[in-house]
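In what follows, every heavy atom counts, from backbone to side chain, and hydrogens, waters and symmetry copies are set aside.
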Amino acid sequence: MLPAPSADALAHQAKLLDHLFMLNQQQRGQLSFAEFMHNALYAPGLGYYSAGLAKIGEAGDFVTAPVISSLFSQALANQCLQILRSLANEAPCILELGAGTGRMAGDLMLYLATQDVLPLHYYILEVSADLKSRQQAYLQAYCPEQYHRFIWLDTLPSEPFTGIILGNEVIDALPCHLFKISDDHTILEGFVEITPTQTQLCFDTPKSQGLQEAIIALQERLGLTFTPGYLSEIHLQLNAWIASLSACLHQGVMLFIDYGFPSHEYYHPSRTCGTLMCHYRHHAHSDPLQYIGLQDITAHVDFTALALAAIAHDLEVAGFTNQGAFLLNNGILTLAEAARNDGQRIAFSQQLQKLIQPHEMGELFKVMALSKQFDESLQGFVAFDQRHRL
């Protein structure tokens, strides 16, 4: 049973539901699930990520790897260090997509400073005004000597830059479309119907452009036919999203860390209910219609689809592995050995368990590197590169 929201939280939810109801009326009674998810998460001032709600950490709804341990960001910094050194003549920059608490940005920059290799700028693309304000306050106090390098953006850079794009648990929050296979084997699309008294999920003839064609093409690529009752998600926006990122990167590497699978695992015949997951006060559940605007809504990442989108937009897949292998390849054990005392050594040991063990985050979370005009082999993938599984 989920914890009950406060009266203020329920009042905020009511405002978002009014907004969704008006959108629903404009769409003649049905919002595609992707439209619903977009507004539930990102509606200005109302959505989960754009309103002033605690999201990450003990007071929020979930915990991310950078919050679990600074070792995560330091190991990631080792990978960034290799890339920045290779691009040193081009005044490279870093762009982080959604910086959460700012912890990863701060730990990464402090570590790079110890190696005397810093990006010209550290851009942060942040859609939430509340998170932006929190990040600015945190980073100004946490790494004051590097603070002048941080630049917050509302949109992607208009001029292509050289350097690194980082996305930690970003793709899982991109709005996705739901689909279901009917008893007569036709493809149905997921919609959310909202009235003043009720919100419900239903499936009907697809209205979203390209949805049916994309699912037919997916089945052909995987050599299978979804059976009646099969329900899952598909990220139709992924291709355009990668295209926009590729357009703003002149030369360098993108690193994405998220939970997910290659296509053949994502759409395995036994995975009949998809991967949609919601997070509220550290409780995970699968109902996106509960506590709308007060909870996170996510879907796992189809890393094969990500790779295909990258290749279609002038990028190369430079590496794919699980988080445990990536962190080990980037020296996380050596970093942990620098513990200052027994207390920190014990803490590091517990943190390592969460970050690299297969039954924790080590296997479910994957890391994919996409490169442009960058031919050097990346150290994070020297062992256990799994591109062949895509």
Side-chain angles (χ1 to χ4, degrees), residues 55-56 62-83 94-109 111 122 124-126 163-174 235 238 241-242 245 249 252-262 266 275 277 279 296 298-307 309-310 315 317-332 335 351-352 354-358 360-371 378-387 389-390:
K55 302 164 183 67
I56 305 169
F62 54 90
V63 175
T64 60
V67 175
I68 290 172
S69 177
S70 60
L71 295 173
F72 173 87
S73 300
Q74 291 170 8
L76 177 60
N78 273 332
Q79 179 60 90
C80 293
L81 190 63
Q82 178 199 4
I83 300 166
I94 293 176
L95 166 63
E96 184 177 354
L97 308 173
T101 63
R103 179 70 182 273
M104 187 173 90
D107 284 335
L108 197 149
M109 287 290 275
Y111 185 83
Y122 192 113
I124 295 176
L125 177 63
E126 184 55 71
I164 303 167
I165 296 178
L166 299 176
N168 181 55
E169 293 195 53
V170 170
I171 304 175
D172 63 86
L174 292 180
H235 284 90
L238 191 62
W241 186 71
I242 285 294
L245 291 179
L249 185 68
V253 177
M254 303 180 192
L255 293 168
F256 297 109
I257 306 157
D258 227 313
Y259 41 86
F261 315 99
Y266 195 113
T275 71
M277 190 60 62
H279 301 273
D296 194 16
T298 71
H300 285 45
V301 177
D302 177 355
F303 280 98
T304 303
L306 179 61
L315 298 166
V317 181
F320 176 65
T321 191
N322 62 50
Q323 177 176 290
F326 179 80
L327 295 176
L328 289 169
N329 287 334
N330 280 303
I332 195 168
L335 292 166
Q351 293 162 11
L352 284 172
K354 292 181 180 180
L355 293 174
I356 67 177
Q357 287 298 318
E360 295 280 357
M361 300 176 75
E363 175 58 38
L364 177 60
F365 279 74
K366 309 296 193 303
V367 185
M368 177 171 279
L370 306 176
S371 64
L378 296 171
Q379 64 192 38
F381 307 91
V382 292
F384 210 57
D385 191 336
Q386 297 180 294
R387 278 176 286 183
R389 291 181 55 208
L390 294 169

Pairing residues for Phe326 by the ring-ring contact (aromatic ring centres under 6.0 Å, His included) criterion, not counting sequence neighbours:
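Checked Phe326 against ring-ring contact (aromatic ring centres under 6.0 Å, His included); matches are Phe381.
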Heavy-atom check, side chain of [X] versus side chain of [Y], under 4.5 Å:
X      : Y      : answer
Asp172 : His300 : no
Met361 : Ile68  : yes
Phe303 : Leu390 : yes
Thr298 : Tyr259 : yes
Ile165 : Leu255 : no

Going by side chain to side chain contact (heavy atoms under 4.5 Å, CB included), name the residues that satisfy it together with [X], two or more places apart in sequence or in a different chain.
X      : value
Ser70  : Gln74, Arg103, Asp107
Ala299 : Cys176, Glu233, His235, Tyr266, Thr275, Leu276
Leu328 : Ile332, Leu333, Ile356
Ala305 : Leu238, Asp302

So Leu97 and Leu166, side-chain contact (heavy atoms from CB on, under 4.5 Å) or not? Walk me through it.
CA-CA 6 Å; Leu97 308 173; Leu166 299 176; over 6 Å; no
Could you state the interatomic distance from CD1 (Ile257) to CD (Glu169), rounded to the nearest 0.5 Å?
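If we round to the nearest 0.5 Å, Ile257:CD1 and Glu169:CD are 9.0 Å apart.
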List for me each residue that meets salt bridge (charged side-chain N to carboxylate O under 4.0 Å, His left out) alongside Asp258, sequence neighbours excluded, and say none if there are none.
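None.
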Which residue is it: Asn78, Asn329, Leu81? I am looking for the one with a side chain to side chain contact (heavy atoms under 4.5 Å, CB included) to Gln379.
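With Gln379 as partner, side chain to side chain contact (heavy atoms under 4.5 Å, CB included) holds for just one option, Asn78.
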Show the numbers, then the answer: is there a side-chain contact (heavy atoms from CB on, under 4.5 Å) between Leu306 and Phe320?
CA-CA 11 Å; Leu306 179 61; Phe320 176 65; over 6 Å; no
